[in-house]
Amino acid sequence: MWRPASYRRRLSLLVSQGLISSSQGLGYEVKAHEVFELNASRFEDLAFPQNGDAYSTDVTNAGRRPHQTFRVERLPASADVAERLRVTAGTKAVLRFCHRYVDDVPWSTQATYYPSWLVDASPRLAEPGDIEEGTTRYLASRGIEQVGYFDEIAARMPTPEEARLLEIGAGVPVMIWTRTGYSVDRPIRCTITTFRGDLNRMNYEIGELSARSEHS
């Protein structure tokens, strides 16, 4: 038996899950975007050949199209960011904010915070626009090498602003990847990347994996 109310509820559920989109007067459209897989182990690895920054390299190598916009500002560090950077909460930090796309589809937002002492030694961090070679390589060229990082990964539902920037339905979660980078003696940056949960997959390579490549 035809039940319009039940049909509408099912369509609404698909919209909330980000699987279809609804336009006034145009009906419904299936979303068919391809999942992007990020290798988090070698992301920013200076030994890995790059063409531009790590994001542009990975997207291009996958046969996809990268595009990103930037915002740079100085602002007080929040308590969480200050704890990771080992500075006093409220101390001014430089924020480099990227809005990133894959094939013109919103892929992630990335907020990287740098302590003021580091910006004094590496002034391009505070300049607007892209650092073509990537900030990790730029810092290494200034004698400030990132020798390790600590990653935290979590999932939650998006804020209204995240849903707007990433163009996701209300039922689609986001993945939050927080990476704190370290020189030999102290933290040098905190990067918080917010991914669409429906279009991203992350992997890590740890230890000796020659057996995997031989049989894959």
Side-chain angles (χ1 to χ4, degrees), residues 18 31-68 80-81 83-86 96 98-114 118 130-156 158 162 166 168 172-216:
K31 293 185 176 180
H33 301 313
E34 186 179 348
V35 171
F36 184 83
E37 186 160 339
L38 174 70
N39 186 303
S41 307
R42 66 176 182 231
F43 199 72
E44 302 174 309
D45 184 352
L46 300 190
F48 187 73
Q50 287 190 359
N51 179 21
D53 63 13
Y55 150 77
S56 297
T57 299
D58 277 8
V59 175
T60 302
N61 287 348
R64 313 282 290 272
R65 296 189 312 276
H67 169 65
Q68 55 187 331
D80 288 343
V81 170
E83 181 179 3
R84 290 178 173 88
L85 294 179
R86 295 184 195 161
R96 295 185 61 85
C98 304
H99 191 187
R100 290 174 164 169
Y101 299 76
V102 174
D103 296 336
D104 299 322
V105 177
W107 178 59
S108 70
T109 62
Q110 185 179 85
T112 301
Y113 298 86
Y114 298 94
L118 182 62
D130 190 13
I131 295 177
E132 185 176 357
E133 70 272 29
T135 54
T136 304
R137 287 177 183 269
Y138 167 61
L139 290 174
S141 73
R142 304 285 295 182
I144 305 166
E145 183 180 359
Q146 177 178 276
V147 298
Y149 51 77
F150 178 76
D151 282 2
E152 303 162 78
I153 299 173
R156 58 168 170 74
E162 289 166 345
L166 297 176
I168 55 178
V172 177
V174 290
M175 178 172 62
I176 311 298
W177 177 25
T178 302
R179 171 168 285 189
T180 306
Y182 294 86
S183 67
V184 292
D185 56 356
R186 53 182 166 174
I188 57 176
R189 54 98 176 196
C190 172
T191 298
I192 304 169
T193 306
T194 305
F195 294 102
R196 293 177 55 139
D198 58 338
L199 293 183
N200 289 279
R201 183 165 57 240
M202 182 183 294
N203 62 60
Y204 283 82
E205 298 174 349
I206 301 173
E208 173 56 50
L209 296 178
S210 57
R212 180 178 185 273
S213 61
E214 290 172 1
H215 295 87
S216 60

Inset, instruction - Can you measure from CG (Leu118) to CG (Leu139) and round to the nearest 0.5 angstrom? - result: 5.0 Å
Legend entry - Residues that Tyr101 engages under ring-ring contact (aromatic ring centres under 6.0 Å, His included), provided they are two or more places apart: His67, His99
Inset, instruction - Could you grab the distance from atom OG1 of Thr109 to atom CD1 of Ile192, nearest 0.5 Å is fine? - result: 9.5 Å
Legend entry - Shortest non-hydrogen contact between Val35 and Arg64, atoms and distance: O-NH1, 3.7 Å
Legend entry - Smallest separation among heavy atoms of Arg186 and Arg86, with atom names: CA-NH1, 4.1 Å
Inset, instruction - Calculate, to the nearest 0.5 Å, the distance between atoms CZ and CH2 belonging to Arg100 and Trp107 respectively. - result: 6.5 Å
Legend entry - Enclosure of Glu83 CD (heavy-atom neighbours >12, cutoff 6.0 Å): no
Legend entry - Side-chain donor or acceptor of Asp151 paired with backbone N/O of Arg179 under 3.5 Å: no
Inset, instruction - Decide yes or no for Thr60 and Pro66: does some side-chain heavy atom of the first lie under 4.5 Å from some side-chain heavy atom of the second? - result: yes
Inset, instruction - Could you walk me through whether Asn200 and Trp177 pass the side-chain contact (heavy atoms from CB on, under 4.5 Å) test, one step at a time? - result: CA-CA 12 Å; Asn200 289 279; Trp177 177 25; over 6 Å; no
Inset, instruction - Hey, could you give me the CD/CZ distance between Glu132 and Arg137, rounded to the nearest 0.5 Å? - result: 12.0 Å
Legend entry - Side-chain donor-acceptor pair present, Tyr114, Thr135, cut-off under 3.5 Å: yes
Legend entry - Glu208 side chain vs Ser210 backbone, donor-acceptor pair below 3.5 Å: yes
Inset, instruction - Report yes if the side chains of Ile188 and Gln146 come closer than 4.5 Å at any heavy-atom pair, otherwise no. - result: yes
Inset, instruction - Report yes if the side chains of Ile131 and Arg96 come closer than 4.5 Å at any heavy-atom pair, otherwise no. - result: yes
Legend entry - Interatomic spacing from CD1 in Ile153 to CD1 in Ile176 - rounded to 0.5 Å: 11.0 Å
Legend entry - Side chain proximity check, Asn203 to Glu37, heavy atoms < 4.5 angstrom: yes
Inset, instruction - Could you walk me through whether Met202 and Phe195 pass side-chain contact (heavy atoms from CB on, under 4.5 Å), step by step? - result: CA-CA 10 Å; Met202 182 183 294; Phe195 294 102; 3.8 Å; yes
Inset, instruction - For residues Ile168 and Pro158, report the shortest heavy-atom separation together with the two atoms involved. - result: CD1-CG, 3.8 Å
Inset, instruction - Could you tell me whether the side chain of Arg156 reaches within less than 4.5 Å of the side chain of Val174, counting heavy atoms only? - result: yes
Inset, instruction - Check Val172 against Gly197 and note the closest heavy-atom contact, atom names and distance. - result: CG1-N, 4.3 Å
Inset, instruction - Quick one: pull up OG1 in Thr194 and CD in Glu162 and give me the separation to the nearest 0.5 Å. - result: 5.0 Å
Inset, instruction - Say whether, by atom type as modelled, one donor and one acceptor occur between the side chain of Arg196 and the main chain of Leu166 under 3.5 angstrom. - result: yes
Inset, instruction - Kindly give the heavy-atom pair with the smallest separation between Cys190 and Thr178, and that separation in Å. - result: SG-CG2, 4.1 Å
